[in-house]
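Report on the following structure.
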Amino acid sequence: MAGRRAAVGVYAISVAAQIVGTGQQNIRLYERRGLLTPVRTSGGTRQYSEADLVVLRRIAELLEEGLNLAGVARVLDLEADNDRLRAELQRSRAR
DNA sequence: CTTCTGACA
DNA sequence: TGTCAGTA
């Protein structure tokens with residue numbers, strides 16, 4: 001299934017950093033630059049969903065391709081817009 | 001766990 | 001500019 005047992009898909013920043021292969025400081029910087037916005041617990045701890053991990057891997061990929069954080073932010077925004085438009089197109093086709 | 005600061009290439 | 005180490 002989607003994950004091992006009850007606690008499905010929420011990770012602390014230390015775990016997320018390990019999985020993606022970067023440092024905790026970097027992930028916090030990405031958030032400051034608006035690249036992702038993980039959920040916070042009432043205590044302020046960031047909780048990364050599997051969707052967040054996908055974004056983090058995309059960030060690493062784009063950085064390797066030579067983009068800076070501003071460029072990565074552009075790409076992620078455009079991809080989000082593209083997904084939204086694509087979904088809208090499918091809805092209009094369905095009706 | 002969080003934030004901030006500074007050093008490095 | 002992005003990464004990383006150390007700190008409070």
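Lettering of chains follows the sequences in order, A, B, ..., and the numbering in each one begins at 1. Here the structure is a predicted model, which is why all the values come from computation and not from measurement.
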_Non-hydrogen atoms of A:Gln24 and A:Ala17 that approach each other most closely_ = N-CB, 3.9 Å
*At the 4.0 Å heavy-atom cut-off to chain A, mark where contacts on DNA chain B begin and end, going 5' to 3'.*
B:dC1 to B:dC4
*Intra- and inter-strand pairs of DNA chain B in dot-bracket (Watson-Crick or G-U wobble, both distances under 3.5 Å; | for another strand)*: .|.||||||
*Using a 4.5 Å cut-off on heavy atoms from C-beta on, say whether the side chain of A:Thr22 contacts that of A:Tyr30.*
yes
*Examine A:Ile13 and A:Val10 and state if one hydrophobic cluster contains both, with Ile, Leu, Val, Met, Phe, Trp and Tyr joined whenever side-chain heavy atoms are less than 4.5 Å apart.*
no
_Close side-chain approach of A:Ile27 and A:Tyr48, heavy atoms under 4.5 Å_ = yes
*Is A:Arg58 atom CZ crowded by more than 12 heavy atoms from other residues, nucleotides or ligands, each under 6.0 Å away?*
no
*asked:* If you compare all heavy atoms of A:Leu76 against all heavy atoms of A:Leu35, which two are closest, and at what distance to 0.1 Å?
replied: CD1-O, 3.6 Å
*Say whether, by atom type as modelled, one donor and one acceptor occur between the side chain of A:Asp52 and the main chain of A:Ser49 under 3.5 angstrom.*
yes
Atom pairs under 3.5 Å: protein N/O with N/O of nucleotides 3-5 of chain C:
{"from": "C:dT3", "atom 1": "OP1", "to": "A:Tyr30", "atom 2": "OH", "distance (Å)": "3.4"}
{"from": "C:dT3", "atom 1": "OP2", "to": "A:Tyr30", "atom 2": "OH", "distance (Å)": "3.2"}
{"from": "C:dC4", "atom 1": "OP2", "to": "A:Asn26", "atom 2": "ND2", "distance (Å)": "2.6"}

*Touch check for A:Ser14, heavy atoms < 4.0 angstrom, all strands: base, sugar-phosphate only, or nothing?*
sugar-phosphate
_Residue mapping more 5' on DNA chain B - nearest nucleotide basis, A:Thr45 or A:Arg32_ = A:Thr45
*Find out whether A:Tyr11 and A:Glu50 are in side-chain contact, i.e. whether some heavy atom of one side chain is under 4.5 Å from a heavy atom of the other.*
yes
_Looking at A:Arg84 and A:Glu88, is there a salt bridge between them, counting it only when a charged N and a carboxylate O are closer than 4.0 Å?_
yes
_For A:Arg40, is there an ion pair with A:Glu31 - N to carboxylate O distance below 4.0 angstrom?_
yes
